Amino acid sequence: MIDLNEFSSFFVANWKLNGDFKFINDFLSKIEIKSKNKNCVIICPPSVYLNYFLKKNKLYHIGAQDVSMYEKGSYTGEISPKNLKDVGAEFCIVGHSERRQYFNETDEKIKIKISNLINNKIVPILCIGETQMERELNLTNKILKNQIINGLPKNSNHTNTILAYEPIWAIGSGSTPSVDEIESIHTFIRSIEDKFKNFIILYGGSLNIQNYKSILNINNVNGGLIGGSSLKIDDFNKIMSI
Ligand code: PGA
């Protein structure tokens with residue numbers, strides 16, 4: 001498994017269901033990753049392209065956007081953690097709100113996926129976040145705590161798992177929490193249990209060239225999970241160069 005301690009910041013490009021060979025070739029011809037700084041750049045394209053990415057360049061890492069909860073067998077259409085490891089994936093997003101919302105992803109399934117990923121030496125990136133309604137009802141901390149406690153298996157710890165705080169209402173909307181809110185929520189996450197104190201915690205949700213400096217400079221934010229802006233190579237290059 002990759003040693004997370006080697007890096008000071010993490011930039012995860014979540015391409016969702018976007019990109020094709022033409023787009024990827026253009027993206028890769030323009031991507032700028034400085035080898036001297038300790039940024040960990042993780043590109044998460046649709047899984048069929050993972051291996052193509054790996055063959056092109058060594059300065060970024062590749063990650064999947066989801067994984068099967070099954071290890072093998074008669075599960076047509078699924079991709080196992082071992083399949084991901086075989087094609088060179090070192091990371092895998094798990095529990096993204098779009099999967100929770102559209103694909104019936106529960107904390108129970110997420111927990112199994114995370115445990116299997118860790119056993120296959122792939123770092124899971126667990127996404128957690130509240131809806132607009134939950135935020136208005138002051139339930140954010142309760143929701144996040146439940147998602148963390150119910151989603152993380154026993155074998156998960158700060159050396160093999162990453163957390164990403166992604167308020168659902170902020171994803172793709174252009175709105176974000178204030179810097180103070182993000183800071184206090186990340187502080188809350190670290191306080192849930194002693195073992196969360198040292199977790200890498202990313203922020204995600206409308207991270208863009210307008211707001212990346214103020215958000216990524218928050219003390220207890222260890223990087224970003226970037227959707228829309230990771231598809232704009234000039235913006236992504238700027239964000240990564242912080
Ligand atoms: P966004 O997406 O940056 O487009 O808001 C983030 C995500 O869904 O991971």
Side-chain angles (χ1 to χ4, degrees), residues 10-31 41-57 60-70 75-106 109-110 113-114 116-117 122-129 131-132 147 151 162 164-176 202-209 212 223-237 239-240:
F10 294 78
F11 301 87
V12 184
N14 178 15
W15 279 17
K16 310 188 181 187
L17 194 49
N18 296 294
D20 54 24
F21 278 125
K22 187 171 173 303
F23 181 86
I24 292 169
N25 288 333
D26 185 56
F27 183 93
L28 292 181
S29 70
K30 295 179 181 152
I31 193 167
V41 177
I42 304 159
I43 314 279
C44 305
S47 288
V48 288
Y49 298 113
L50 283 168
N51 200 239
Y52 185 73
F53 268 86
L54 203 68
K55 290 192 170 133
K56 290 281 170 182
N57 181 323
Y60 51 71
H61 303 268
I62 56 171
Q65 300 173 14
D66 183 38
V67 65
S68 176
M69 61 186 266
Y70 301 109
Y75 301 104
T76 303
E78 291 287 88
I79 298 176
S80 74
K82 190 168 176 298
N83 296 152
L84 293 180
K85 191 69 192 174
D86 260 357
V87 295
E90 288 176 290
F91 296 85
C92 181
I93 297 169
V94 186
H96 190 282
S97 61
E98 288 153 14
R99 295 216 60 88
R100 293 181 194 253
Q101 187 181 348
Y102 307 130
F103 301 98
N104 199 20
E105 187 103 323
T106 60
K109 289 182 190 167
I110 288 167
K113 290 181 179 192
I114 292 180
N116 291 344
L117 285 166
I122 296 173
V123 176
I125 301 169
L126 171 62
C127 299
I128 53 171
T131 62
Q132 177 71 40
Q147 288 174 338
I162 292 177
Y165 170 52
E166 293 209 305
I168 297 170
W169 54 273
I171 294 175
S173 68
S175 325
T176 65
L202 314 180
Y203 170 79
S206 293
L207 198 63
N208 58 37
I209 40 164
Y212 75 100
L225 207 171
I226 306 146
S229 293
S230 74
L231 292 164
K232 299 176 194 153
I233 187 59
D234 295 336
D235 293 6
F236 190 55
N237 277 336
I239 295 172
M240 285 189 298

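No experiment lies behind these values; they were computed from the predicted model shown. Side chains are part of it too, since the values below use all heavy atoms of this structure and drop only hydrogens, waters and symmetry mates.
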Within-4.5 Å side-chain heavy-atom neighbours: [X] and [Y]:
{"X": "I125", "Y": "F10", "value": "no"}
{"X": "Q65", "Y": "P46", "value": "yes"}
{"X": "N237", "Y": "I233", "value": "yes"}
{"X": "F236", "Y": "F27", "value": "yes"}
{"X": "E90", "Y": "I42", "value": "no"}
{"X": "Y52", "Y": "N25", "value": "yes"}
{"X": "S175", "Y": "W169", "value": "yes"}
{"X": "D235", "Y": "N208", "value": "no"}

Return the minimal non-hydrogen interatomic distance between [X] and [Y], and the atom names on each side.
{"X": "V67", "Y": "P81", "result": "CG2-N, 3.4 Å"}
{"X": "G151", "Y": "I114", "result": "O-CD1, 3.6 Å"}
{"X": "P45", "Y": "G63", "result": "CD-O, 3.8 Å"}
{"X": "E98", "Y": "F103", "result": "O-CD1, 3.8 Å"}
{"X": "I168", "Y": "G129", "result": "CD1-O, 3.7 Å"}

[atom1] of [X] to [atom2] of [Y]: how many Å apart, nearest 0.5 Å?
{"X": "D66", "Y": "C44", "atom1": "CG", "atom2": "SG", "value": "11.5 Å"}
{"X": "L54", "Y": "I62", "atom1": "CG", "atom2": "CD1", "value": "4.5 Å"}
{"X": "C127", "Y": "N14", "atom1": "SG", "atom2": "CG", "value": "7.5 Å"}
{"X": "F53", "Y": "H61", "atom1": "CZ", "atom2": "NE2", "value": "14.0 Å"}
{"X": "N116", "Y": "I122", "atom1": "CG", "atom2": "CD1", "value": "10.0 Å"}
{"X": "I171", "Y": "Q101", "atom1": "CD1", "atom2": "CD", "value": "9.5 Å"}

**Request:** With side chain to side chain contact (heavy atoms under 4.5 Å, CB included) as the test, would you mind laying out the steps for I110 and R99 before giving the verdict?
**Result:** CA-CA 10 Å; I110 288 167; R99 295 216 60 88; over 6 Å; no
Test item: [X] side-chain N/O and [Y] main-chain N/O as donor-acceptor pair under 3.5 Å:
{"X": "S206", "Y": "G174", "answer": "yes"}
{"X": "D86", "Y": "N83", "answer": "no"}
{"X": "K113", "Y": "G95", "answer": "no"}
{"X": "S229", "Y": "L207", "answer": "yes"}
{"X": "Y203", "Y": "G205", "answer": "yes"}

Q: Report the C-alpha distance between W15 and F23 in whole Å, list the side-chain angles of each, state the deciding distance to 0.1 Å, and finish with yes or no for side chain to side chain contact (heavy atoms under 4.5 Å, CB included).
A: CA-CA 11 Å; W15 279 17; F23 181 86; 3.6 Å; yes
- Item | Candidate pair E105 and H96, rule side-chain hydrogen bond (donor to acceptor under 3.5 Å, both in side chains), full reasoning | CA-CA 9 Å; E105 187 103 323; H96 190 282; over 6 Å; no
- Within a radius of less than 6.0 Å around NZ of K85, do more than 12 heavy atoms belonging to other residues, nucleotides or ligands occur? yes
The side-chain hydrogen bond (donor to acceptor under 3.5 Å, both in side chains) partners of D26 (sequence neighbours excluded) come to K30
Q147 and L126: CA distance, side-chain angles, deciding distance, side chain to side chain contact (heavy atoms under 4.5 Å, CB included) verdict: CA-CA 9 Å; Q147 288 174 338; L126 171 62; 6.0 Å; no
Note to self: Pair Y49, I43 - check side chain to side chain contact (heavy atoms under 4.5 Å, CB included), show working.
What the structure shows: CA-CA 11 Å; Y49 298 113; I43 314 279; over 6 Å; no
